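Being a predicted model, the structure only gives us computed values, none of them experimental. Below, each value reflects all heavy atoms present in this structure, side chains not excepted, and no hydrogens, waters or symmetry copies.
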Amino acid sequence: MKTIPLIPLCLAFCLAVAIGSPLLHAEMNRWAVVVAVSDYPKLSQEFPPLASAGKDAAELAACLTSRYCRFPPENVVVLANREATLPALRQVFSRRLAAVQPQDVVFFFFVGHGCHDSAFHRFALLLQGADGRGGEDMLPLEQLAEMISTHVPARHIFLCLDARRSRQALGDYWLDWQKLLPGREVCTLEASAPQEMAQERSEYGLFAYFFCKILQGKAFLEKTADRDGDGFITVSELKDHVCWAMQFAGISQHPVATGDSSAILSCLFAELPHVQLVTSPVVRTEQASPLHFAGFVRSFKPVESMTLGDGPAQLTLLSAAAIAKYRLLPAPYTYWFVADVAVNPDTSQLMAHLSVGNDSHRQPLALAWSSPGWYGEWMPPGLNRAQEQGIYVWRRDNSEMVYVPAGECLLGMPDDMQQQIARGLKEMRDYLADKKVWLEQDAELRREISAGLEQSNSTIRQIAQRLKAIYKRVDAFDQMNRRLSRQENKQEKPLPEEEMPPSPLQENLFLALSYDLLYRCYRDLGAVEAQKRELAQTLLYLEALQMHGKMNQLSPVQRVVLPAFYMDRHEVSNRQYKEFCEGTARPYPASPWWDESYLFESPDYPVVQVSWEDAMAYTFWVGKKLPRAYEWEKSARGVNGALFPWGNLVPSQSLVNGDVPPPLTMSDQFTLPAHAPLAVNDSRFATSPYGCRHLAGNVQEWCADVPDTWAKFSLSTDSGYRLAHGGSFASPSLMLSGWFVHPFAATTRRCDLGFRCAVPEER
């Protein structure tokens, strides 16, 4: 085995102690102070108890001393509840941290309540004895900075503050830590933005939960904090990944990070050697063939030999100069390896075997394969051919996809339809305006019914209270008569049914039914109001569209050449989106107006009430993307620019789930609009030229961007707007056309708005 001169001893020593090795522990060490306060006896009314604070601190301390982080146990100080006082914290800084050296790393973590003092424009951490009057146990952040400056000479400082747990902590206060601690490498990570409150779930803090999981190298969406794949998690990598993961999870809590630091917090491969591939190409083959692999091997001990699959690998020990050239964080032993291996197409992973002393280690390496599709194209990794001719299956969410080949297509609104579309817009706007009036009348009627029921319930409650008083008196007289009868030794006789006191059962039953009816009225009133809001949004858009004059300036007819891609055959379903929420901790979408348990009890129906940001998050999780507007339109209209997925026939209930007239011929079954979505795989309607279902009607579908042709449109100049295509179950004929688009703010959530995904062809 050819070798290059060993890493200089000083470099190896620095790395070893940086990741917690017992070697030369005094040369570079790591320290942690964890402070947790669950309750505040003197401030119990203003600051509620925190169920998660103690658990968060214990889990973090265990994580820091684990085999991943390797903080020496004697260097991790935990002050929880009664121990978390200002004198105790001062003692830790002045005595326990007295051995800290300039090259060391100090990590400070606080979980508890904080308080924003607007009068003095400062933010203070509340310790156990805090009384809210500026006493001993209120720790302003400036004072914390002073304690660090006085007692801690370490150059690497990492501060994590999970202190915005109440309204009193909200404010716009910012602190320049670099100015307060000059000459230091200071990183800060706050659990939430200044105007947000940190959240708890199931007795654990969300921030600490993500923090600890990421620190242990746990993957979130198949992605760890080790963004450069070197096996180490630095302070900068951790804080960036925490911010990304919590934002991606859709939590209304956005951590704020400042500063950068290369200090190592966690070592993912611990004592084991770690293989990092540099060449990992997508493999295109249908038979076994030799593949070239190369990369790095990092280890705490010398690696004697390595095999990749069934073939040997050539190892070369790297020098410090080579490590610096490749911008690698050094390990005691870092190797470059190359290997040529024959691999079968059905092999999903390649096993690396490494001999380290008397031990043997194995590490699986994932392979990305591309195989031919139905039309001879190379499918992207993750896609398989289904049993049905022309249909594909995406493995991650088990969704069916269709292939849209590359080539020229006709998109946009035909020029000869300009006047017809202008008339259609006016008719559609008038129809929707009438529909809005109907909804307003419906809402007013339900409000009147609700008011009447409220009055009736109040009267019933008053009558019931009087009846209860009468029943008590009747019952008292009855008991007295029974006692007198016993005294006279007379046999008791049951009262005749007509003499029995009246029962409150009928009144209670009527009251319960009235309450149930009142609940239904309020629920229906909320549904009507939701429909009114969505309809008003569409009317506003149509009015702006009418005022624009020339329609062809918005979406002119044009021939566009597009590369090949794959499109979801169906809209994303509740089942698929629910799995995404459970896998990422993202909140479930709100229920639509027609079903309070829609997401859970209608798994095969399209997910709705999702914003563009929600849809983008799903595509990232599943490994797809949102279709571009042109891709969506080609999928719906084909290459010749048909008006609808089924051609140019006028929409009817036999063709689409929309707000359109029923078929006029007697041979067709008379049906009325459903006014709600149908299952994504409902096969009663026409499909697109490529086999997609519901590209018209059912639910509107988000697209990825705003095309250039919409740049001058008033509603779309803001980059926060995105387009939706296809119309929905509530859309008239014109909105069901393949060229019609509806701009929405990216944060919009509607009961008729969902999405489907696309995947580019492998090249």
Side-chain angles (χ1 to χ4, degrees), residues 31-40 43 47 49-61 63-64 71 76-93 96-97 105-117 122-130 136-148 151-152 157-166 168-171 173-175 177 180-181 186-194 196-200 204-212 215 235 238-239 242 253 255-259 265:
W31 308 75
V33 179
V34 182
V35 181
V37 185
S38 298
D39 54 71
Y40 298 83
L43 298 170
F47 299 96
L50 302 175
S52 65
K55 295 180 180 179
D56 291 346
E59 184 176 354
L60 178 61
C63 183
L64 292 175
F71 276 64
V76 178
V77 181
V78 179
L79 299 178
N81 296 323
R82 294 183 180 180
E83 299 175 352
T85 63
L86 189 55
L89 187 60
R90 284 175 175 159
Q91 189 176 25
V92 168
F93 274 89
R96 294 288 296 272
L97 300 183
V105 180
V106 173
F107 171 41
F108 178 84
F109 189 97
F110 176 86
V111 54
H113 278 298
C115 183
H116 178 246
D117 190 343
R122 66 178 186 176
F123 188 86
L125 308 178
L126 300 183
L127 302 178
Q128 177 67 23
E136 268 293 296
D137 291 297
M138 289 187 67
L139 178 62
L141 294 184
E142 292 87 349
Q143 188 173 344
L144 174 62
E146 182 181 354
M147 292 169 60
I148 295 173
H151 301 290
V152 181
I157 307 294
F158 184 29
L159 303 172
C160 288
L161 305 177
D162 189 358
R164 299 189 188 274
R165 298 299 191 94
S166 65
Q168 290 84 343
L170 304 184
Y173 178 69
W174 296 92
L175 196 63
W177 289 94
L180 292 174
L181 299 172
V186 183
C187 265
T188 66
L189 180 59
E190 295 192 50
S192 59
E196 297 175 340
M197 286 178 57
Q199 302 177 39
E200 293 180 330
Y204 64 82
L206 287 176
F207 174 74
Y209 172 82
F210 277 93
F211 192 95
C212 291
L215 199 59
V235 170
L238 179 132
K239 69 178 181 60
V242 168
Q253 174 183 339
V256 178
T258 63
L265 285 180

Fill in the blank from the handout: Of all heavy-atom pairs linking S192 and V256, the shortest is O-CG2, 4.1 Å
Practice task
Check the angle between the aromatic planes of F109 and F207 and answer parallel, tilted or perpendicular using the 30° and 60° thresholds.
Solution key: parallel
Practice task
Would you sort out whether F108 and V35 count as a side chain to side chain contact (heavy atoms under 4.5 Å, CB included), showing the intermediate values?
Solution key: CA-CA 8 Å; F108 178 84; V35 181; 4.0 Å; yes
Exercise for the section: Would you mind reporting whether V33 and L97 have side-chain heavy atoms less than 4.5 Å apart? Expected result: yes
Handout entry: side chain to side chain donor-acceptor pair (under 3.5 Å) partners of Q168, counting only residues at least two apart
Key = S166
Exercise for the section: If the plane angle is over 60° it's perpendicular, under 30° parallel, otherwise tilted; pick one for F211 and F158. Expected result: parallel
Practice task
Check whether any side-chain heavy atom of T85 lies under 4.5 Å from a side-chain heavy atom of L127, and answer yes or no.
Solution key: no
Handout entry: Side chains of R122 and L141 in contact at under 4.5 Å (non-hydrogen atoms)
Key = no
Practice task
Answer yes or no: is there a side-chain heavy-atom contact under 4.5 Å between L126 and M138?
Solution key: yes
Exercise for the section: Determine whether H113 and V37 make a side-chain contact, defined as any pair of heavy atoms from C-beta on separated by less than 4.5 Å. Expected result: no
Problem - F123 six-ring face occupied by R164 cation (under 6.0 Å, within 45°) - result: yes
Exercise for the section: Give a yes or no on whether E146 atom CD has more than 12 heavy-atom contacts from other residues, nucleotides or ligands under 6.0 Å away. Expected result: no
Practice task
Answer yes or no: is there a side-chain heavy-atom contact under 4.5 Å between L161 and T188?
Solution key: no
Practice task
Please indicate whether F93 has more than 12 foreign heavy atoms, meaning atoms of other residues, nucleotides or ligands, lying under 6.0 Å from its CZ.
Solution key: yes
Fill in the blank from the handout: Residues at least two apart in sequence or cross-chain that pass side chain to side chain contact (heavy atoms under 4.5 Å, CB included) with A32, listed by chain then number, are L64, F71, V76, F107
Completion exercise
Output for pair (R165 CZ, C115 SG), nearest 0.5 Å, gives 15.5 Å
Handout entry: Minimum heavy-atom distance A169-A163, with the two atoms named
Key = CB-O, 3.8 Å
